[in-house]
Number of protein chains: 2
Amino acid sequence: MEGAARVIARRGVRGLRMEELAAEAGVSTALIYYHFKDRAGTLRHTLEFISDRADRYTAGEEEGAEGDARQDLEQTLLLEFQDAPEVRENSTAWGELRASAIFEPGLRADLARATLAWIHDVADLLGRIEPTIPAPELTASAERLTGLLEGLSTRWLSGALPLAHARELVSEAVALEIDRLTR
Amino acid sequence: MEGAARVIARRGVRGLRMEELAAEAGVSTALIYYHFKDRAGTLRHTLEFISDRADRYTAGEEEGAEGDARQDLEQTLLLEFQDAPEVRENSTAWGELRASAIFEPGLRADLARATLAWIHDVADLLGRIEPTIPAPELTASAERLTGLLEGLSTRWLSGALPLAHARELVSEAVALEIDRLTR
DNA sequence: GTCTATATCAGGATAGAC
DNA sequence: GTCTATCCTGATATAGAC
């Protein structure tokens with residue numbers, strides 16, 4: 001699964017070849033098929049693996065010091081923009097999943113669920129900053145912030161946007177949204 | 001080229017098969033190769049075609065009534081979110097191009113140029129609303145707005161975000177950015 | 001310019017031994 | 001569980017006639 005994540009980060013979901021994956025993992029292709037049935041099964045397991053790994057990252061943050069809700073939010077959003085290989089692999093794989101879902105309805109359900117959960121988490125963090133704000137407002141802000149994140153993520157991964165600048169843009173967007181909600 | 005745009009919208013850049021493209025255009029595959037040399041050449045021509053077509057849409061708007069600069073901006077940004085087949089085809093193809101660029105460095109130059117031009121256009125429109133604002137501020141706002149657009153576009157095309165809601169989110173984002181710049 | 005074959009090849013998948 | 005060897009399909013690309 002770790003090898004698969006690396007290959008996906010390098011070639012994309014649609015560029016993944018079973019042979020390269022096998023080489024990356026240091027086994028034969030036949031063994032991959034033995035464990036995961038076929039290409040689609042391999043992909044499913046890999047995406048699940050990546051999803052779990054991403055949850056692990058965020059988990060630590062949310063329980064963190066109750067100190068500053070706003071910093072928690074910013075921290076969480078900025079997790080996506082780091083130069084660690086695992087983060088890059090996760091972001092790449094998720095980006096691929098999103099892009100693939102446009103043409104493969106079978107992926108849409110999984111994707112929609114994950115996206116909704118993500119939006120809900122962000123809305124929740126926003127709500128902790130100022131508990132009086134009605135839920136629909138929080139959701140709309142969360143949708144804009146996560147939407148922006150996804151857009152900038154693609155730019156970053158394709159080399160069109162330096163990491164530091166991406167982080168600045170996100171921070172400022174957070175400031176704008178909070179400003180709007182608390183005014 | 002029109003057939004190619006339809007096929008790309010249906011299958012994605014990476015899912016495009018020369019045979020399906022030929023069938024869509026009502027000719028043989030050999031004829032495609034005769035005109036466009038190979039798959040890559042066909043893709044290049046198609047993307048150029050799509051790009052030109054997109055320019056045509058926006059062109060009309062920018063020269064429009066000098067009435068309300070802000071409305072011009074909002075109009076321009078919302079052009080991406082319409083249910084017309086051509087718009088959907090263009091959005092899909094551009095989204096595919098962006099996603100592909102992560103794995104194909106050869107595409108990055110074209111993409112970066114187009115993205116920069118797009119950001120510049122938006123920054124320009126923002127500048128017309130309030131000419132005293134320094135350029136870097138305008139650019140940052142434009143980067144956030146276009147970034148958001150790209151993120152929401154993917155969600156819309158994958159069926160995760162209704163068109164009307166996408167438009168609301170964009171409108172509100174425009175309001176936030178203008179509010180920020182003119183405060 | 002356009003077609004009907006067809007060559008070619010990459011890559012997914014399996015058989016069968018160990 | 002794991003390998004080597006191989007089959008087979010699907011897709012790009014070309015040859016050669018009209």
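Under the 3.5 Å distance criterion, the side-chain polar atoms of S51(B) are left unmatched by any main-chain donor or acceptor of L47(B).
Qualifying ring-ring contact (aromatic ring centres under 6.0 Å, His included) partners for F81(A), counting only residues two or more places apart in sequence or in other chains: W156(A). Contacts of R39(A) classified as side chain to side chain contact (heavy atoms under 4.5 Å, CB included), with partners at least two apart in sequence or in another chain: L16(A), M18(A), L43(A). Scored by the side chain to side chain contact (heavy atoms under 4.5 Å, CB included) test, D38(B) finds A40(B) as partners (sequence neighbours excluded). The side-chain hydrogen bond (donor to acceptor under 3.5 Å, both in side chains) check on R17(A) picks up E20(A), with sequence neighbours excluded. Take F36(B) and apply the ring-ring contact (aromatic ring centres under 6.0 Å, His included) test, not counting sequence neighbours, and it matches H45(B).
Scanning residues 26-44 of chain B for heavy-atom distances under 4.0 Å to DNA chain D yields A30(B), Y33(B), D38(B), R39(B). Against DNA chain C, the stretch residues 8-21 of chain A makes heavy-atom approaches under 4.0 Å through L16(A), R17(A), M18(A).
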Tell me which donor-acceptor pairs under 3.5 Å the side chains of residues 111-120 of chain A have, and how far apart each pair is, sequence neighbours excluded?
unit_1: R113(A); atom_1: NH2; unit_2: D110(A); atom_2: OD1; d: 2.7
unit_1: T115(A); atom_1: OG1; unit_2: L111(A); atom_2: O; d: 2.8

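Among residues at least two apart or in separate chains, salt bridge (Lys or Arg N to Asp or Glu O under 4.0 Å) pairs with a member in residues 154-166 of chain A are R155(A)-E150(B). Sorted by first and then second residue, the side chain to side chain donor-acceptor pair (under 3.5 Å) pairs involving residues 157-177 of chain A (not counting sequence neighbours) are E74(A)-S171(A), S141(A)-E177(A), R144(A)-E177(A), H165(A)-E143(B), E172(A)-R180(B). The list of ring pair (Phe, Tyr, Trp, His ring centres under 6.0 Å) pairs with a residue in residues 84-115 of chain A, not counting sequence neighbours, is empty.
Nucleotides of DNA chain D lying under 4.0 Å from heavy atoms of chain B occupy a range whose first and last members, 5' to 3', are dA11(D) to dA15(D).
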